[in-house]
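Down below is the structure, laid out as structure tokens.
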Amino acid sequence: MSNRCLSCQTIEPESVLYEGYHTRCSRNLFGTTEPPKVPFSTADVSREAQKMVGKMSISGVQPKLSVVHDRKKHQLMVVERGGLYILKPPTERFESLPENENLCMNIASVYGIEVPSHGLVPLMDARLAYVVKRFDRLEDGSKLQQEDFQQLLQTDDKYSGSYERIANFIKKHSDVTGLDLIRLFERAFLYYSLGIGDAHLKNFSLIRRKEVGYQLSPAYDIVSSRLVLPEEKEDMCLSLRGKKNRLSRGDFIKLSDHFGLTRKQSDNSFTRLNELKPTIEKMVAESFLSQHLKDRFLEIFRQRMKQIFG
Ligand SMILES: Nc1ncnc2c1ncn2[C@@H]1O[C@H](COP(=O)(O)OP(=O)(O)OP(=O)(O)O)[C@@H](O)[C@H]1O
Ligand SMILES: [Mg+2]
Ligand SMILES: [Zn+2]
């Protein structure tokens, strides 16, 4: 058994893992010191996901299941309603999507973007699935109000939009406008840097939290699409300053000006990512991607960083 944690992915020679997880990482995601078993295989997940289409409260293009942690059996269990986790299985179409998503979420977290607890779990056929905790559900099963930006901007096309339109809505309706604008800016910047090209309007939401009111929800569905789709047409599917490709630092500065951020704020976002470069490279190397995907991920990241920082 490797000593690399299936959630945080760090390799620490001294650390002890139980069923592939640090105790703290398992507790954080599943609420127990050891992760639950998953009593189904990749084929079972695809079959179950087919049955669930239209029944679940979570939609999206990729197959996925709504699950809860059955603590008595110490297993994940599929449910139609009231799921506290989303499980995304590997797919034949795109190589290593779960490993890709777990890595991107970890990088986002290190950069300071709020993400829900997440990790990889081995299915019965030993392939890895991605599990993420729902941030719109509380432990008692109650639901927080959440609306994605396709609904909020009332458009039929999740790809017809721009970061400016999201920002304008935030300026009007967020209860923490300044914070949300920085959050949005940093997401645009990080997504570009990692080749996360499928961040469409349904992949951004506002959530209503009791203490704060409306604010941008934690980040979700972040995968490097460029990694699995080398022929992807555009670098970003939502435009910024009218562009979707070959973005430069100047384009991001213009975006931050439109958002009303100060130069000090945008500089801080640039500098922090630039300083994280070695950390991110190490995270890629320690990820669960295969060697050729690691190499490709690094190539994309380095090329984008070069485009921004020269
Ligand atoms: N951790 C989470 N907590 C609550 N809701 C979530 C979470 N992750 C995703 N969702 C909701 O579920 C929907 C589908 O999830 P996700 O975007 O990850 O799936 P997808 O099938 O990959 O999407 P796409 O259609 O963009 O390919 C999202 O649009 C969002 O509304
Ligand atoms: Mg999505
Ligand atoms: Zn860990």
Side-chain angles (χ1 to χ4, degrees), residues 2-12 14-30 33-35 45-46 49 52-53 56-67 82-91 93-94 97-98 100-106 108-110 113-121 129-138 142-152 157-159 161 191 196-209 216-225 228-229 232 237-238 283 286-288:
S2 120
N3 55 354
R4 177 172 41 160
C5 175
L6 284 163
S7 177
C8 70
Q9 301 186 166
T10 51
I11 301 174
E12 301 158 12
E14 298 302 317
S15 69
V16 184
L17 300 180
Y18 295 97
E19 300 294 332
Y21 276 70
H22 290 118
T23 303
R24 64 171 184 280
C25 292
S26 174
R27 219 182 261 129
N28 188 21
L29 178 55
F30 298 112
T33 49
E34 286 185 32
V45 182
S46 307
M52 289 288 179
V53 172
M56 278 191 309
S57 55
I58 37 163
S59 56
V61 175
Q62 298 298 325
K64 62 184 78 58
L65 289 177
S66 187
V67 300
L84 292 179
Y85 300 89
I86 299 169
L87 182 142
K88 295 166 129 185
T91 68
R93 191 150 165 238
F94 301 114
L97 225 43
N100 182 342
E101 188 158 0
N102 202 55
L103 170 63
C104 291
M105 292 285 276
N106 283 342
S109 174
V110 164
I113 292 174
E114 189 192 352
V115 295
S117 307
H118 57 273
L120 296 167
V121 286
Y130 171 77
V131 174
V132 63
K133 193 163 180 187
R134 292 189 66 156
F135 48 73
D136 60 338
R137 294 286 164 85
L138 303 179
S142 63
K143 196 173 173 336
L144 302 182
Q145 197 187 338
Q146 185 196 355
E147 220 74 73
D148 70 53
F149 273 87
Q150 184 182 352
Q151 295 168 296
L152 293 170
D157 182 1
K158 62 186 181 183
Y159 290 111
Y191 292 177
I196 297 169
D198 198 40
H200 49 67
L201 292 175
K202 289 188 95 49
N203 285 339
F204 295 90
S205 293
L206 281 190
I207 193 161
R208 188 176 177 197
R209 284 184 171 143
L216 207 55
S217 81
Y220 56 88
D221 200 14
I222 51 182
V223 284
S224 177
S225 52
V228 288
L229 276 174
E232 189 178 47
C237 68
L238 299 180
M283 290 172 80
E286 294 186 347
S287 74
F288 286 88

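Just so you know, ligand 1 is whichever comes first in the structure, and atom 1 is the first atom listed for that ligand. FYI, side chains are in, hydrogens and waters are out, and symmetry mates aren't considered; it's all heavy atoms of this structure.
- Taking the salt bridge (charged side-chain N to carboxylate O under 4.0 Å, His left out) definition, one finds that D198 meets it with nothing, sequence neighbours left out.
- Smallest separation of non-hydrogen atoms from G83 and S66: CA-OG, 3.4 Å.
- On a distance-only criterion, K64 and ligand 1 share at least one N/O pair closer than 3.5 Å.
- Polar contact check, K88 against ligand 1: a nitrogen or oxygen pair lies under 3.5 Å apart.
- Rounded to the nearest 0.5 Å, atoms CG (L216) and CG (L206) are 6.5 Å apart.
- Ring geometry, Y159 versus H200: the interplanar angle exceeds 60°, so the pair is classed perpendicular (tilted spans 30 to 60°).
- The option from I86, V223, D221 that lies nearest to atom 10 (N) of ligand 1, judged by heavy atoms, is I86.
- No part of D148 comes within 4.0 Å of ligand 1, judged by heavy-atom distances.
- With rounding to the nearest 0.5 angstrom, the CZ atom of R27 is 13.0 Å from the NE2 atom of H22.
- At a heavy-atom cutoff of 4.0 Å, ligand 1 is contacted by both the backbone and the side chain of F135.
- Rounding to 10 degrees gives 120° for the angle at the Zn ion (ligand 3) between SG of C5 and SG of C25.
- With atom 5 (N) of ligand 1 as the reference point, the heavy atom nearest to it among M105, Q146, K143 is part of Q146.
- With respect to E101 and K64, no salt bridge is recorded, no charged nitrogen being found less than 4.0 Å from a carboxylate O.
- Nearest heavy-atom pair across Y18 and P35 is O-CD, 3.4 Å.
- Shortest non-hydrogen contact noted between S109 and V115 is CB-CG2, 3.8 Å.
- Under a 4.0 Å heavy-atom criterion, K133 is in contact with ligand 1.
- The local environment of CZ in R4 is crowded, with over 12 non-hydrogen atoms from other residues, nucleotides or ligands closer than 6.0 Å.
- F204 and F149 have perpendicular rings, their planes meeting at more than 60° on a 0 to 90° scale where under 30° would count as parallel.
- Listed by number with element, the atoms of ligand 1 under 4.0 angstrom from any heavy atom of K202 are 29 (O).
- Of all the listed residues (F204, Y130, Y220, Y85), Y220 holds the heavy atom that lies closest to atom 28 (C) of ligand 1.
- Counting backbone and side-chain atoms alike, N203 contributes an N/O/S atom closer than 2.8 Å to the Mg ion (ligand 2).
- Here is the list of ligand 1 atoms found below 4.0 Å of a heavy atom in N203: 17 (O), 26 (O).
- Taking 2.8 Å as the criterion, D221 counts as a coordinating residue of the Mg ion (ligand 2), since one of its N, O or S atoms falls below it.
- Less than 4.0 angstrom separates some heavy atom of V132 from each of these atoms of ligand 1: 1 (N).
- Close approach of ligand 1 to P116 (heavy-atom distance below 4.0 Å) involves ligand atoms 1 (N).
- Within H22, ND1 is the N, O or S atom that lies nearest to the Zn ion (ligand 3).
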